[in-house]
Novice: 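Provided herewith is a single structure, encoded as structure tokens, for subsequent inquiry.
The residues of the chain are indexed from 1 along the displayed sequence.
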Amino acid sequence: MGDTTVRTRNGPEAAAAPPKGDEAGRQTATERTLWQRLRRPRRPRIWIELALIGVSYWLYSLVRNAVPEQKSEAMRNADWIWRAEHAIGLGFEEAFNHAVNSVTWLIVGMNYYYATLHFIVTIGVLVWLYRWHPGRYAATRTVLFLTTGVALVGFYLFPLAPPRLMDGHNFIDTVLVHHTWGSMASGDLKHMTNQYAAMPSMHIGWSTWCGLTIFALAKAPWAKILGVLYPVATLVVIIATANHFWMDAVGGILCLAFGFMVVWAWYGALPYQLPRVVAPPARPAFEAIRT
């Protein structure tokens with residue numbers, strides 16, 4: 001059959017025909033290009049990143065502290081974990097807590113480590129990424145955000161008392177005993193934060209993110225070694241200070257793995273495999289002519 005025509009006041013006119021193969025191909029190519037643009041690494045902008053980090057941390061703190069402090073359930077869950085660890089022969093936290101607490105200078109140093117490095121090192125790695133690996137910054141930062149976000153689900157679904165708050169046990173709250181400052185989980189500051197959000201451990205989630213990033217991207221061998229040691233030292237600290245069970249650390253690692261999987265699915269590569277530097281976005285033609 002020929003092309004369909006319609007009659008108008010000015011005479012016959014060809015009706016609009018459906019897109020031909022070339023036009024459909026161009027539409028598909030445009031959609032594919034848009035999808036590729038969305039997934040393409042971009043140069044970060046400092047004011048956007050500062051605002052994003054500030055708002056994200058504020059929301060994290062707000063949501064974390066808004067989770068009901070379900071003390072009875074948190075205590076039951078802590079007892080369950082404690083029994084499970086003993087059932088597999090790995091319920092060593094109490095003995096380790098007492099052993100390290102007997103060395104005053106060591107446990108005091110760990111108290112300050114727990115209270116400060118969690119933030120200092122994480123912010124330092126973000127700044128380093130922004131400055132020296134801008135092409136990898138957004139993807140790596142997104143892993144951290146996803147890790148933290150999914151942890152909020154854990155806080156809500158599985159309230160957990162840290163070992164130092166367990167009833168009927170002899171764990172030592174090292175911050176209270178040694179009168180060190182900085183912990184949001186002890187002393188007067190404990191009323192400002194949810195005491196039963198121990199699972200998963202974001203000290204482990206964040207420190208492992210830092211360690212992997214440093215190990216993967218740093219050039220100096222000593223920096224790579226520090227990257228490996230940092231999450232290991234953090235694990236020792238969270239157990240020695242009775243702030244977490246070792247199983248909380250497993251939860252933190254699982255949250256981090258989730259973050260990496262989502263970013264890998266989006267970019268088609270791990271963050272560390274993306275180009276270190278990306279070109280700035282092209283300016284529109286009229287701007288280039290005007291300048």
Novice: For residues Gly154 and Pro200, report the shortest heavy-atom separation together with the two atoms involved.
Specialist: CA-CD, 4.1 Å
Novice: Does the Ser102 side chain pair with the main chain of Ala99, one donor and one acceptor, at a distance under 3.5 Å?
Specialist: yes
Novice: Same cluster or not: are Met202 and Val250 linked, directly or through other Ile, Leu, Val, Met, Phe, Trp or Tyr residues, by side-chain heavy atoms under 4.5 angstrom apart?
Specialist: yes
Novice: Decide yes or no for Lys224 and Ile214: does some side-chain heavy atom of the first lie under 4.5 Å from some side-chain heavy atom of the second?
Specialist: no
Novice: If you take all heavy atoms of Glu93 and Trp82, which pair is closest and at what distance?
Specialist: OE1-CZ3, 3.3 Å
Novice: Find the distance between CZ (Phe245) and CG (Asp248) and round it off to the nearest 0.5 Å.
Specialist: 7.0 Å
Novice: In this structure, are over 12 heavy atoms from other groups packed under 6.0 Å from Phe171 atom CZ?
Specialist: yes
Novice: Taking atom CH2 of Trp246 and atom CD of Glu85, what is their separation to the nearest 0.5 Å?
Specialist: 5.5 Å
Novice: Can you check whether Leu270's main-chain N or O pairs, donor with acceptor, with Gln273's side chain at less than 3.5 Å?
Specialist: yes
Novice: Does one hydrophobic cluster hold both Ile123 and Leu226, with members joined at side-chain heavy-atom distances below 4.5 Å?
Specialist: no
Novice: Verify the cluster assignment for Leu212 and Val228: are they in a single hydrophobic cluster under the rule of side-chain heavy atoms below 4.5 Å apart?
Specialist: no
Novice: What is the distance from atom OG1 of Thr142 to atom OH of Tyr137, rounded to the nearest 0.5 Å?
Specialist: 9.0 Å
Novice: Going through the distances and angles, do Leu152 and Thr148 end up as a side-chain contact (heavy atoms from CB on, under 4.5 Å)?
Specialist: CA-CA 7 Å; Leu152 294 174; Thr148 306; 5.6 Å; no
Novice: With a 4.5 Å heavy-atom cut-off, do Thr147 and Phe258 have their side chains touching?
Specialist: no
Novice: Please report the C-alpha distance between His244 and Tyr114 in whole Å, then the side-chain angles of each, then the deciding distance to 0.1 Å, and finally whether the side-chain contact (heavy atoms from CB on, under 4.5 Å) criterion is met.
Specialist: CA-CA 11 Å; His244 288 282; Tyr114 183 88; 3.8 Å; yes
Novice: With hydrophobic residues grouped by side-chain heavy-atom distances under 4.5 Å, do Leu117 and Val232 end up in a single group?
Specialist: no
Novice: Where do Leu160 and Phe155 land on the side-chain contact (heavy atoms from CB on, under 4.5 Å) test, with the steps shown first?
Specialist: CA-CA 8 Å; Leu160 180 69; Phe155 298 154; over 6 Å; no
Novice: Test Asn101 against His178 for side-chain hydrogen bond (donor to acceptor under 3.5 Å, both in side chains), laying out the working first.
Specialist: CA-CA 9 Å; Asn101 185 70; His178 297 283; 2.7 Å; yes
Novice: Looking at every heavy atom in both Thr208 and Pro231, which two are closest together, and how far apart are they?
Specialist: OG1-CB, 3.7 Å
Novice: Rounded to the nearest 0.5 Å, what separates atom CG in Asp167 from atom CG in Asp79?
Specialist: 8.0 Å
Novice: CD of Glu94 to NE2 of His169: how many Å apart, nearest 0.5 Å?
Specialist: 7.5 Å
Novice: Does Met199 share a hydrophobic cluster with Val150, counting links as ILVMFWY side-chain heavy atoms below 4.5 Å and allowing steps through other members?
Specialist: yes
Novice: Please determine whether side-chain contact (heavy atoms from CB on, under 4.5 Å) holds for the pair Val236 and Met110, giving the CA-CA distance in whole Å, both sets of side-chain angles, and the decisive distance to 0.1 Å.
Specialist: CA-CA 9 Å; Val236 172; Met110 287 186 175; 3.8 Å; yes
Novice: Would you say Ile238 and Ser201 make side-chain contact, with heavy atoms under 4.5 Å?
Specialist: yes
Novice: Any heavy-atom pair between the side chains of Asn77 and Pro159 that's under 4.5 Å?
Specialist: yes
Novice: Output the distance between atom CG (Leu129) and atom CZ (Arg276), rounded to the nearest 0.5 Å.
Specialist: 11.5 Å
Novice: Please check this pair: side chain of Trp209 against backbone of Thr140, looking for a donor-acceptor N/O pair closer than 3.5 Å.
Specialist: yes
Novice: Does any part of the side chain of Thr213, heavy atoms only, come nearer than 4.5 Å to the side chain of Trp128, both counted from C-beta?
Specialist: yes
Novice: For the side chain of Thr122 and the backbone of Phe119, is there at least one donor-acceptor N/O pair under 3.5 Å apart?
Specialist: no
Novice: What heavy-atom pair brings His98 and Asn170 nearest, and what distance separates the two atoms?
Specialist: NE2-O, 2.6 Å
Novice: Using the side-chain hydrogen bond (donor to acceptor under 3.5 Å, both in side chains) rule, pick out the option among Thr180, Thr241, Asn111 that qualifies with Thr174.
Specialist: Asn111
Novice: Keeping the roles fixed (side chain from Trp132, backbone from Ala218), state whether a donor-acceptor pair exists under 3.5 Å.
Specialist: no
Novice: Can you tell if the side chain of Pro271 reaches within under 4.5 Å of the side chain of Val143, non-hydrogen atoms only?
Specialist: yes
Novice: Can you check whether Leu274's main-chain N or O pairs, donor with acceptor, with Arg136's side chain at less than 3.5 Å?
Specialist: yes
Novice: Taking the side chain as everything from C-beta on, heavy atoms only, tell me whether Val125 gets closer than 4.5 Å to Tyr130.
Specialist: no
Novice: Are the side chain of Asp173 and the backbone N or O of Arg164 linked by a donor-acceptor pair below 3.5 Å?
Specialist: no
